[in-house]
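Take a look at the structure set out below.
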Amino acid sequence: MALIVQKYGGTSVGDTARIARVADRVIRTRESGNQVIVVVSAMAGETNRLTKLAADLTDTPSEREMDVILSTGEQVTIGLLSIALDARGCAARSFTGSQVRITTDSAFSKARIQKIDDSAIRQALDRGEVVVVAGFQGIDEAGNITTLGRGGSDTSAVAIAAALGADVCEIYTDVDGVFTSDPGVVPSARMLDRVSYDEMLEMASLGAKVLHIRSVLFAKKYNVPLHVRSSFNDKEGTLVTREEDIMEALEVTGVTYNRDEAKITVVGVPDQPGVAAKLLGPITDCNIIVDMIVQNVGTDGHADVTFTVPKADFKKALSCAQEAARELRAREVLSDDRVAKVSIVGMGMKNHAGVASRMFELLSKEGINIQIISTSEIKISCVIDDKYAELAVRTLHDGFELGKEPAVAENT
Ligand code: ADP
Ligand code: ASP
Ligand code: MG
């Protein structure tokens, strides 16, 4: 008897008819002789609706109270799915994050899971019940409700799979699997049968929201096979797995984009040791993740430092940068929140310079200006004007011929 964790995203539980279909699938899995833990998201649009309610009252809602509000979305779904299962004669029991005792740190709205108590879930499984757990939420040591960041139900599912030693974690969503690029933007995107944890990590962190980044980190760390598939059909989907299980590393596997970052430039900072730390230290101290950082070559003893931060933290980061700029007697602070980051990802990106120059050439042919470039072993990212994001993604995808089935080489 296998233990299977199934996670259903917002669209898959978007209305009661869809919840009923999820119940049917869970029962089929159960009847094939498996134990099932189901992790669900809020119904489609619900988390946004709840966010807007608070925004009607203030621009600066308390982060603690936001988590109290947002966690209710998932609570509705676990109740509805358990009722649907019960109504079909399948014993089921719902659990919120706090009822399971999913302990997180206290970083409201982006909490990290620290510990999962498996006892309540195990007892329910031993009673023969299907366990239905609210994704995206936990509690901190003090008992406050926390949430894990948008898209965080994937992470709940994988963390639960790891804690209970599940055989597989299936992520049911509204597309057939992981594609070479967002199929909603790139019509020629091709579904990947397999993708390595590392490639998936890069793709998720660079904007492929099909999986929450920390879910992939957990899956890699605890060796949980991740299976991404559609809740609307029975296609095989994509297996996210160890690199050794992938036949051949491609030069470029996927193209992603991310519109969630904003750019800040501090112009004319003294070109001296310690300046970057003085500028960025206060921002990272506020728990803001600084992503790309570039400093141009200084002229007349001054340099410009440009960096990107999540749009959600833009205002806070900008005021920190303005304060630091005053202290450093920098000339001015410029900002732009209409930027996008497009990236290409591939384990087989051995000839970096060649791949990069091809990327730049493809963008320039479309008249797209590159504002910042950053690279790692398996990715190249460019920040561009937001209005060209989709054009850039399609251009790169088709320029690198990712829609074509790769030829299988001999002796690999
Ligand atoms: P869920 O609500 O099921 O968690 P999400 O909306 O979070 O679903 O993620 C699925 C969406 O991710 C798809 O509808 C698709 O538009 C988007 N997406 C972005 N990049 C990719 C990719 N490389 N492969 C598949 N889907 C992608
Ligand atoms: N409901 C949350 C969101 O919309 C979490 C999730 O769906 O994974 O972001
Ligand atoms: Mg999601």
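Computed from a predicted model, the values in this text were never measured in an experiment. Numbering of ligands and ligand atoms starts at 1, following listing order. All residue numbers refer to positions in the sequence shown, counting from 1.
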Closest non-hydrogen atom pair between Thr58 and Thr60, with its separation: OG1-N, 2.9 Å
Closest non-hydrogen atom pair between Phe136 and Arg150, with its separation: CE1-N, 4.1 Å
Starting at [atom1] of [X], measure out to [atom2] of [Y] and round the result to the nearest 0.5 Å.
X      : Y      : atom1 : atom2 : value
Asp291 : Ser381 : CG    : OG    : 7.5 Å
Leu226 : Leu239 : CG    : CG    : 8.5 Å
Thr253 : Phe400 : OG1   : CZ    : 11.5 Å
Ser153 : Lys7   : OG    : NZ    : 5.5 Å
Thr256 : Leu206 : OG1   : CG    : 4.5 Å
Ile37  : Ile4   : CD1   : CD1   : 10.5 Å

N or O pair under 3.5 Å between Lys7 and ligand 2: no
Gly151-ligand 2 polar pair, N/O distance under 3.5 Å: yes
Which ligand 1 atoms, with their elements, are less than 4.0 angstrom from a heavy-atom of [X]?
X      : value
Phe179 : 22 (C), 23 (N), 24 (N), 25 (C)
Val178 : 24 (N)
Asp174 : 10 (C), 11 (C), 13 (C), 14 (O)
Gly177 : 24 (N), 25 (C)

Any His212 heavy atom less than 4.0 Å to ligand 2: no
Gly10 near ligand 2 by a heavy-atom separation under 4.0 Å: no
At less than 4.0 angstrom from any non-hydrogen atom of [X], what atoms of ligand 2 do you find?
X      : answer
Gly152 : 5 (C), 8 (O)
Glu74  : 1 (N), 2 (C), 5 (C)
Ser41  : 6 (C), 7 (O), 8 (O)

Ligand 2-proximal atoms of Glu46, by part, heavy-atom distance under 4.0 Å: neither
Polar side chain donor-acceptor pair, [X] to [Y], under 3.5 angstrom:
X      : Y      : result
Ser32  : Asn34  : no
Glu199 : Ser196 : yes
Glu261 : Thr308 : yes
Thr104 : Asp140 : no

Specify the protein heavy atom at minimum distance from [atom]: its residue, its atom name, and the distance to 0.1 Å.
atom                    : answer
atom 2 (O) of ligand 1  : Gly10 N, 3.1 Å
atom 7 (O) of ligand 1  : Lys209 O, 3.5 Å
atom 19 (C) of ligand 1 : Asp182 CG, 3.4 Å
atom 4 (O) of ligand 1  : Lys7 NZ, 3.0 Å
atom 3 (C) of ligand 2  : Arg150 NE, 3.2 Å
atom 3 (O) of ligand 1  : Thr173 OG1, 2.7 Å

contact_flag Ser12 ligand 1 heavy-atom lt 4.0 Å: no
Ser41 heavy atom under 4.0 Å from ligand 1: no
Nearest option to atom 6 (C) of ligand 2, as decided by whichever heavy atom of Ser153, Gly9, Gly45 sits closest: Ser153
Shortest heavy-atom approach to atom 26 (N) of ligand 1 - which of Val210, Asp154, Val255: Val210
Short side-chain to backbone donor-acceptor contact, Glu74 and Ala42, under 3.5 Å: yes
Exceeds 12 heavy-atom contacts within 6.0 angstrom, atom CD1 of Ile289: no
Pro183, portion touching ligand 1 at heavy-atom distance under 4.0 Å: side chain
